[in-house]
Amino acid sequence: NAGVMQNPRHLVRRRGQEARLRCSPMKGHSHVYWYRQLPEEGLKFMVYLQKENIIDESGMPKERFSAEFPKEGPSILRIQQVVRGDSAAYFCASSPANSPLHFGNGTRLTVT
Amino acid sequence: GNSVTQMEGPVTLSEEAFLTINCTYTATGYPSLFWYVQYPGEGLQLLLKATKADDKGSNKGFEATYRKETTSFHLEKGSVQVSDSAVYFCALSATTGNQFYFGTGTSLTVIP
């Protein structure tokens, strides 16, 4: 059973471009979470989704950031018009209901 | 509300020393508690868990006991190795809603 797959591992974008981060949860997992980690800082919750629904987006900035988890295909975290402050590691995690989270290896976004 | 507070780092120990990383929580109801470990450049991996009061989670020589009376879940290991150098995160999952809350992480460095 493959783990949580995130791609790309590294993403470089210039200021003003769009960043699109993908996450394929483990087979059978219907819950997906996105977290952001800045250097020397902890994990910051961004959004929690189930298939086709956003359950909790309280950690997501109101502008430029969006997330989806469609019926078919991976979950996508989209950042529009990136700025230098968006540079971070973005982690996706998945779980079945009422079970521990399984994390991917993250996407490291660098905005130049 | 729900939250996790863990010991500030960084922690530096000599090989074979005893390790304690403190973690306390605030939660409504009866949460499940977790310790995750993050090695450099990787995502978080579940280290151990406990789902009810007085449960002891253990794995790879690490232990933590769910103490409801002190709302704590301290991580311990009797003899650390260089390979244990990593960042350790305490987390809880709420009784309802499938939401997870993480501490800020404690960086551990073990020197030979």
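Residue numbers start from 1 in every chain, and the chains themselves are labelled A, B, ... in the order their sequence lines are given, proteins ahead of strands. Predicted model only: the values in this text are computed from it and were never measured.
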Exercise. Heavy-atom distance under 4.5 Å to chain B: side chain of A/Ser95, backbone, both or neither?
Worked result: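 The answer is the side chain of A/Ser95.
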Interchain contact, [X] with chain A, by part (heavy-atom threshold 4.5 Å):
X       : answer
B/Gln45 : neither
B/Tyr36 : side chain
B/Leu44 : both

Exercise. Of the non-hydrogen atoms in A/Gln37 and B/Phe89, which two are nearest, and what is the gap between them?
Worked result: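 Closest pair (atom of A/Gln37, atom of B/Phe89, distance): NE2-CZ, 3.6 Å.
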Tell me whether [X] shares a hydrophobic cluster with [Y], the cluster being built from Ile, Leu, Val, Met, Phe, Trp, Tyr side chains joined at under 4.5 Å.
X        : Y       : answer
A/Val111 : A/Leu11 : yes
B/Tyr66  : B/Tyr88 : yes
B/Phe34  : B/Val37 : no
B/Tyr25  : B/Met7  : yes
B/Leu92  : B/Phe73 : yes

For this session: Heavy-atom pairs under 4.5 Å with chain A are the metric here; pick the option from B/Phe102, B/Phe100, B/Tyr101 that has the most.
Result: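 Counting heavy-atom pairs under 4.5 Å, the top option is B/Phe100.
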Problem set entry | For chain A, the option from B/Ala94, B/Pro10, B/Gly105, B/Gly41 that forms the most heavy-atom pairs under 4.5 Å | B/Gly41
If you count every heavy atom of other residues, nucleotides or ligands that lies below 6.0 Å from [X] atom [atom1], does the total exceed 12?
X       : atom1 : answer
B/Tyr39 : OH    : yes
B/Gln81 : CD    : yes
B/Lys77 : NZ    : yes
A/Met5  : CE    : no
B/Lys52 : NZ    : no

Exercise. Applying a criterion of heavy atom separation less than 4.5 Å, what residues of residues 46-79 of chain A form contacts with chain B?
Worked result: A/Tyr48, A/Asp56
For this session: Kindly determine whether A/Phe103 and B/Glu42 satisfy side-chain contact (heavy atoms from CB on, under 4.5 Å), including the steps that lead there.
Result: CA-CA 9 Å; A/Phe103 281 82; B/Glu42 299 183 9; over 6 Å; no
Exercise. Donor-acceptor pair, A/Asn105 side chain versus B/Gly43 backbone, under 3.5 Å?
Worked result: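 Present.
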